[in-house]
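All values derive from a computational prediction rather than experimental measurement.
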Amino acid sequence: MKHSPLAQAGIPIAPSLEPTLADDGVRPRLAPDKQRLVRISALAVLVAVTISLVARLLVYLINLVTNLVFHGEFALEYHSPADNHLGLWVIIMPVLGGLVVSFMALYGSKAIRGHGIPEAMEQILTNQSRIKPSIMYLKPLSAAISIGTGGPFGAEGPIIATGGALGSTLGQLINITHHERKVLLAAGATAGMSAIFGTPIAAVFLAIELLLFEFSPRSLLPVALACITGAAGHHLLFEQGATFPMPALLAPSNGALATYSAIGLLVGLASVGVTKLVYFIEDSFEELPFHWGWWPALGGLAVGVIGYFAPRTLGVGYENITTVLSGTAPLSLLLTLCFLKFASWAISLGSGTSGGTLAPLLTIGGATGALLGVAIKHFFPASDIVIPLAALVGMAAMFAGASRALLTSIVFAVEATGQAQALLPLLGACTGAYLVSFLLMGNTIMTEKIARRGVKTPVDYEPDLLDKVNVGRVLRNGMVAISTDNSIREVREWVERDTDRTGPHLVVVNPDGAFAGIVSTVALAGWHADEAAPISTLLQPRTVAVQATDTLRTAVERMARENVDVLPVLGSEAQVSGIISYRDILMAYKNRLEDDTKAAPHILLKRKSLRVLLRGQALFQKQKTELE
């Protein structure tokens, strides 16, 4: 019987398994990935250029509808709907807008309903990032009608949905993988946000936290390039400078930092209430005894009634954010934006019309933070806080708590205002809001809807456990190799005699020691096998291999791609050092899970204290003896 222990000496591969891998269609990942990365990045930039132009057109369209409805003039410049002179007729305008949106949803696509990001998340997680091409024009058109007739939304939600649809549609027209299509979807969505607000870094974080659910070069680079392009489009097509200008801020004291963090905790509680109320209103609409096509009109009626008494709640209202951040907003306006703006937005959004969440959340959060700042200054006059910064941390904390996009919220507030001194207060406030939201809510305003449909959204960005362990650490010692000169009868007899040293698979080598393949012991025991035939007749076809330095994830990927449950492992100098099976990987995964969850102290303080005490007693006795 010819066999050699692999644990003592590896089997040389002549010259290597690379030709075998090439014959089996397995190509090295590095070079093709780089080529495809350049291609996807170029496509992402193209999508970003297009969506920047669409963003400008959308804003023009919203302005046009607003001017026609509330001011009776054909103009593309922005005029606030709050300055209208319609009187009671202002109540009817959002109703008419809701009816038009319902018509578009009924005869166009139901996907235009809602605020866009949850729908994009659902397509990424369940439908390989495939969005209907009709969303590219139905979403911005419906949003322009909804917002232009008084809907309390911002332009960023619709443009994010439109950009995602554009990237997805392009990805469906060309020959790319669904992961690359996901990247293009995220690139289009975040480039749209960057084009509206001029906040490219925040847009990149938005992609990571709410769309991509990963942090890797193949996704990060195209999205970053798209966001840079969107920011360039913002500066070219919109305006220079901060989107929300505010007074210059000084570095806060430690006491002020603690106060701003406390404001973040309170706004976090408010964000939980806001999220729950939004979905309570949506559930209430579901209970209505008539068709959903009438719901947006009913929501529009609430918008119109509230808008009649509080005109500043109508429309986009970006100027409201700037006013709140100035620190000079009267108390009546802060109360209006905090409560009436929320009521108008929540009812309208719950009715299923076309809108967004970012601008309303920023407005409501900013007003809430300013109100808390006013209250703190009133009851604690010596407090070292300023109202503009209180409003800013409230604005960011509201979005952080409602969406749990922590980094996006912090960076967005800094980029949109240009206030670098606000970074520490924002970090404390947004972290506090995130903590409250995490403890009190199972889902967020972005994920609750799709969670109810059974779609689980990733919340962790931890590295894969299989990426932490290499193949060499899992190999078992004492494995042997079988020669192709052996017959099936010889190998069977050896397996029966030496069952302790055999596993479910055997490594087979040529007479010169070159790797030949692997044989399953199940195939070896088959009754149909000719016992006089050489063992090489049972070799499994399409054998690929992994390096001992490869990760277990690489091994799993190759097993899945080649539909095998074992792989030979190459050590140094292209020598076979053993085989690895899926059972070995599962066992390693289980052990790592146990290591990560098993809690045990490594330094026993009680024992250490006891030793110190004993040494102290010995020293005392020694000194006492010397004195005597």
Pairs meeting criterion salt bridge (charged side-chain N to carboxylate O under 4.0 Å, His left out) with involvement of [range], two or more places apart:
range	value
residues 185-205	none
residues 398-412	none
residues 182-201	Lys182-Glu214

Using modelled atom types and a 3.5 Å cut-off, is there a donor and acceptor pairing between side-chain atoms of [X] and backbone atoms of [Y]?
X	Y	result
Ser261	Leu257	yes
Thr431	Gly428	no
Ser437	Ala433	no
Ser219	Val183	no
His178	Gln128	no
Ser52	Ala48	yes
Thr199	Ala202	no
Glu209	Leu407	yes

Is there side-chain contact between [X] and [Y], with heavy atoms separated by less than 4.5 Å?
X	Y	answer
Ser271	Met398	yes
Thr444	Thr275	no
Leu43	Ile174	yes
Thr169	Ile131	no
Leu166	Ile135	no
Val471	Thr554	no
Ile159	Val54	yes
Ile124	Met121	no

Distance check, rounded to the nearest 0.5 Å: [X] atom [atom1] versus [Y] atom [atom2]?
X	Y	atom1	atom2	answer
Ile445	Lys276	CD1	NZ	12.0 Å
Leu210	Thr447	CG	OG1	9.0 Å
Glu180	Leu170	CD	CG	11.5 Å
Ile40	Gln35	CD1	CD	12.5 Å
Lys34	Arg218	NZ	CZ	15.5 Å
Glu156	Met193	CD	CE	8.0 Å

Shortest non-hydrogen contact from [X] toward [Y]:
X	Y	result
Val414	Ala420	CG1-CA, 4.3 Å
Leu221	Ser41	C-OG, 4.5 Å
Gly163	Val47	O-CG1, 4.5 Å
Ile51	Gly192	CG2-N, 3.7 Å
Ser194	Ala203	CB-CB, 4.2 Å
Leu426	Ala396	CD2-CB, 3.6 Å

Problem - ring pair (Phe, Tyr, Trp, His ring centres under 6.0 Å) involving Tyr434 - partner list, sequence neighbours excluded - result: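 Tyr434: no ring pair (Phe, Tyr, Trp, His ring centres under 6.0 Å) contacts found.
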Exercise for the section: Carefully, step by step, assess Phe205 and Thr190 under the rule side-chain contact (heavy atoms from CB on, under 4.5 Å). Expected result: CA-CA 9 Å; Phe205 281 118; Thr190 52; over 6 Å; no
Practice task
Report the residues that fulfil salt bridge (Lys or Arg N to Asp or Glu O under 4.0 Å) with Arg452, sequence neighbours left out, ordered by chain and then residue number.
Solution key: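 For Arg452, the residues satisfying salt bridge (Lys or Arg N to Asp or Glu O under 4.0 Å) (neighbours in sequence not counted) are Asp283, Glu448.
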Problem - Set of salt bridge (Lys or Arg N to Asp or Glu O under 4.0 Å) partners for Glu415, sequence neighbours left out - result: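 Partners of Glu415 under the salt bridge (Lys or Arg N to Asp or Glu O under 4.0 Å) test: none.
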Exercise for the section: Report the C-alpha distance between Phe412 and Phe197 in whole Å, list the side-chain angles of each, state the deciding distance to 0.1 Å, and finish with yes or no for ring-ring contact (aromatic ring centres under 6.0 Å, His included). Expected result: CA-CA 9 Å; Phe412 176 85; Phe197 288 123; 5.0 Å; yes
Practice task
Let me see the working for Arg453 and Thr126 under side-chain contact (heavy atoms from CB on, under 4.5 Å), right down to the final yes or no.
Solution key: CA-CA 11 Å; Arg453 299 172 187 161; Thr126 64; over 6 Å; no
